[in-house]
Amino acid sequence: MIPKPNLYPPFNIVRQSHVELGVTDLAWARGFYVDTLGLQVTHEEGDHIYLRAMEERGHHCVILRMAESGTVGRLGFKVWDEDELDKAEAFFKSRDLPTSWIERPFMGRVLQTRDPWGVPL
């Protein structure tokens, strides 16, 4: 059974924005995501590669980051507007989850938190 939609959530998420993946072999991962899956490189520097899908409107939808082990570094979501970020901060704080405002390349205002299971958001 499909659950009923929540038409009035505490804050409005438009869609998933991006995922950051920790990879142990940046060159191999680049080859897979670019040559096999067809993502486009939008920026590449040091230990980070920013990728986007063909019709992606944003700068990137995948970040590949060199890491000691394969991990999902974080999941990013796009909210309706700036006010929704403040509502999201209040929502996560009310559940005793950590929040902070951080700087991220190629992004506007960014709220960092985690879900109740520890996944970085």
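These values consider heavy atoms only, across backbone and side chains, with no hydrogens, waters or symmetry-generated copies.
Taking 4.5 Å as the limit, some side-chain heavy atom of R104 sits within range of a side-chain heavy atom of E20. Side-chain contact between I63 and L21: absent, with no pair of heavy atoms (C-beta onward) separated by less than 4.5 Å. Within the 4.5 Å cutoff, no side-chain heavy atoms of I13 are placed close to those of E84. Looking at L85 and W101, their side chains come closer than 4.5 Å, going by heavy atoms from C-beta outward. Using a 4.5 Å cut-off on side-chain heavy atoms (C-beta onward), H60 and M107 make contact. When side chains are defined from C-beta on, V34 counts as touching L51, because their heavy atoms get closer than 4.5 Å.
The residues E56 and R15 are annotated as salt-bridged, a charged nitrogen and a carboxylate oxygen being separated by less than 4.0 angstrom.
Taken together through direct or relayed side-chain contacts under 4.5 Å among Ile, Leu, Val, Met, Phe, Trp and Tyr, W80 and L111 form parts of separate hydrophobic clusters. No chain of hydrophobic side-chain contacts below 4.5 Å, direct or via other Ile, Leu, Val, Met, Phe, Trp or Tyr residues, connects Y50 to F77. Clustering ILVMFWY residues whenever any of their side-chain heavy atoms sit less than 4.5 angstrom apart, transitively, puts I49 in a cluster other than the one holding F106. Cluster membership check: L64 shares its hydrophobic cluster with W28, using side-chain heavy-atom separations under 4.5 Å among Ile, Leu, Val, Met, Phe, Trp and Tyr.
Closest approach of P98 and T113 over heavy atoms only: O-OG1, 2.6 Å. For the pair L75 and V72, the tightest heavy-atom approach, listed with the atom from each and the gap, is CD2-CG1, 4.1 Å. The two residues P9 and N12 have their closest heavy-atom pair at CG-OD1, 3.3 Å. C61 approaches A53 most closely through the heavy-atom pair SG-N, 3.5 Å. Of all heavy-atom pairs between H48 and L26, the closest is N-CD2, 4.3 Å. When all heavy atoms of T99 and K93 are compared, the pair lying nearest together is OG1-CE, 3.1 Å.
By the salt bridge (Lys or Arg N to Asp or Glu O under 4.0 Å) test, R52 is found to be paired with no residue, residues two or more places apart in sequence or in another chain being considered. Legend: residues meeting salt bridge (Lys or Arg N to Asp or Glu O under 4.0 Å) with E82, ordered by chain and number and at least two apart, are R109.
Remark: I2 CD1 is loosely packed, at most 12 non-hydrogen atoms of other residues, nucleotides or ligands lying under 6.0 Å away.
Taking the six-membered ring for Trp and thresholds of 30 and 60 degrees, F11 and F92 have ring planes inclined between 30 and 60 degrees apart. Under the 30°/60° scheme for interplanar angles, the aromatic rings of H43 and H59 are found to be tilted.
Distance check: L39 CG to L37 CG gives 6.0 Å after rounding to the nearest 0.5 Å.
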